[in-house]
Asks: 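For reference, the structure I am asking about is given below.
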Amino acid sequence: MDTAYLVETVIKVVVILLVFSALAGFGTYFERKILAFMQRRLGPMNVGPYGLLQIAADGIKLFTKEDIIPTGVVATIFKLAPVITAATAFMAAAAIPFLPSFTIFGYTVHPIVADVNIGILYVMGVMAIGLYGPLLGGMASANKFSLISAARAAAVFISYEVVTGLAILAPIMMVGSLSLIDFNEYQAGGIGDWIVWSQPVAFILFWIAAFAETGRTPFHLIANDHEIIDGFGTEYSGMRWGLFFIGEYANMFFISFVIPLVFLGGYGDGSFLGALALLGKMAFFFFFFLWTRAAWPDVRPDQLMWLCWKVLMPIAVINVVITGFVMMF
Amino acid sequence: MFEAVAFYLFAFLTISMFYITVTTSQALYALTALAAGMIFISAFFFILGADFLGAVQIIVYTGAVMAIYAFGMMFFDSTRSVREKQGNKYIISGLAILSAVLVVLIFAAPMISTNMTAFYPSIEGAGNTQEVGMVLFTKYLIPFEVAAVMLLVAMIAGIVLAGKKMDLSLTLMNQAEIDEIKKEQDKKVLS
């Protein structure tokens, strides 16, 4: 392990942390603007041109607000919960190749922190730990609404995890590897090679499960404002609450990178155009998260469990079996 | 050097987490420490180069401990500490130390006598995941299948236990039908 490698890794980690923390801030701005346009409103307009400096204003507010720990909460767990959500979201990014490798000043840079050969498994596993944030925050809060939210977090977790695993299994069988770079190489030949054409069912299932994983609108039941106030976030204030937000938006960005990498060809042959295409696909999937929020109602917890266990899981199992038969004969 | 630092760091973290799990009287601390300890164990798999087993350790135990949380939520007020019945402390700690020493002996004895050889040496060119698959479907095929059958049995048993009266829905019944059911239940309790 030489020094150059160490320095390179540290730089990559810092860049990813800074870029995606900033993007999480911009994500809130995009969300408010897009929702506003879809509902024929203007959204944030007063702070800066087109309300762009609203992010800075929100940041200052979050950082300078008093950090209140209510009496009656389990203080250690209460303080720890938001950190888990934010930290695991960024840990999952370690195995995602964000761009094709490029050469700068004669030095080849691979924009992936650790090219482990089990990339997709690691990403899904670490993202799953992120749901411990809502669970612990809700259970430690000594608030009935937070407790309901924690119970829902556990229900969501045990429902979607099976669907994600079984849906991703069929593409893994085709590629024969768990590394996201191998997934990309498998589809490097162009649009005709994309896995989505041979695995459309797995693609749709994984996409649906991604909504449950990030807790976005059709499955936003963990923190549904109109039923249980803010769920696990009810008792939080200031930057601890902000950490939950950063975790949620970073997760949305990372899953928006993973879906194109697995199903839609990723960065293709690694040219400049391919890198732009990956960013474009990522932007589309992120936009789709916001679009769904404007267009769809929320489901109840029992409806989510019914959907995951009785509809999506059997379809995923059948998909795996059919893929196996097709590959065998 | 990095490996040694990582090993001692995670060894310390894992042991302290499980120590908290055993000693604390607060259900939420115990569960959180259990989850953290289980996840820290995966670090040892990563250090040894068994990436696949490390990721599986994370995935399996996040789900398993999450299910324990669900039970904890039902049985305890998780923000208060549980009052435990304390037995004789000396017997408990004596037995714990004795069993720990025994486990270490059982696993360390073959290593010290150095007659351990790998039945299935690692195959050149095969990745981590492939190697696990090869061993699982050759040497350990029967335990693997037996485990699958046992899980199937457990699943069917769970469905049967939880599925009683699943066709009834209180929200879809009128008051007379609900009263009827209540009367029958009262009869069962009284008889």
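In this text the structure is predicted, and so the values were computed from the model without any measurement. Protein chains get the first letters and strands the later ones, always in sequence-line order, with residue 1 at the start of each.
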Asks: Where does B:Ile58 contact chain A at under 4.5 Å (heavy atoms): side chain, backbone, both or neither?
Replies: side chain
Asks: Non-hydrogen atoms of chain A under 4.5 Å away: do they reach the side chain of B:Val65, the backbone, both or neither?
Replies: both
Asks: Where on A:Leu135 is there a heavy atom nearer than 4.5 Å to chain B: the side chain, the backbone, both, or neither?
Replies: side chain
Asks: What option among B:Ser42, B:Gly63, B:Gly54, B:Ala67 has the most heavy-atom pairs under 4.5 Å with chain A?
Replies: B:Gly63
Asks: Counting heavy-atom pairs closer than 4.5 Å to chain B, which one of A:Val74, A:Val126, A:Leu178 comes out on top?
Replies: A:Val74
Asks: Tell me, side chain or backbone of A:Leu147 under 4.5 Å from chain B's heavy atoms, or both, or neither?
Replies: both
Asks: Counting neighbours of CZ on A:Phe90 that are heavy atoms of other residues, nucleotides or ligands and sit closer than 6.0 Å, is the number greater than 12?
Replies: yes
Asks: A:Ala155 versus chain B, heavy atoms under 4.5 Å apart: side chain, backbone, both or neither?
Replies: neither
Asks: Only pairs of heavy atoms separated by less than 4.5 Å count here; which of A:Ala153, A:Ala151, A:Ser177 has the most with chain B?
Replies: A:Ala151
Asks: Quick one: are B:Ile59 and A:Glu161 in side-chain contact, heavy atoms under 4.5 Å?
Replies: yes
Asks: Go through it in stages, so that I can follow the logic: the residues are B:Phe46 and A:Ile118, the test is side chain to side chain contact (heavy atoms under 4.5 Å, CB included), and I'd like the CA-CA distance, side-chain angles, deciding distance and then a yes or no.
Replies: CA-CA 11 Å; B:Phe46 287 123; A:Ile118 42 133; 4.1 Å; yes
Asks: So with a 6.0 Å cut-off around CG of B:Leu105, is the heavy-atom count from everything else above 12?
Replies: yes
Asks: Please examine the side chains of A:Leu136 and B:Tyr69, heavy atoms only from C-beta on, and report whether any two atoms are closer than 4.5 Å.
Replies: yes
Asks: So for atom CZ, which belongs to A:Phe145, do other residues, nucleotides or ligands contribute more than 12 heavy atoms lying within a distance under 6.0 Å?
Replies: no
Asks: Using modelled atom types only, decide if a donor and an acceptor are shared between the side chain of A:Tyr132 and the backbone of B:Thr62 within a distance under 3.5 Å.
Replies: yes
Asks: Less than 4.5 Å to any heavy atom of chain A: does that hold for the side chain of B:Ile39, its backbone, both, or neither?
Replies: side chain
Asks: Do B:Tyr29 and A:Thr76 get their side chains close enough for a donor-acceptor pair, meaning under 3.5 Å?
Replies: yes
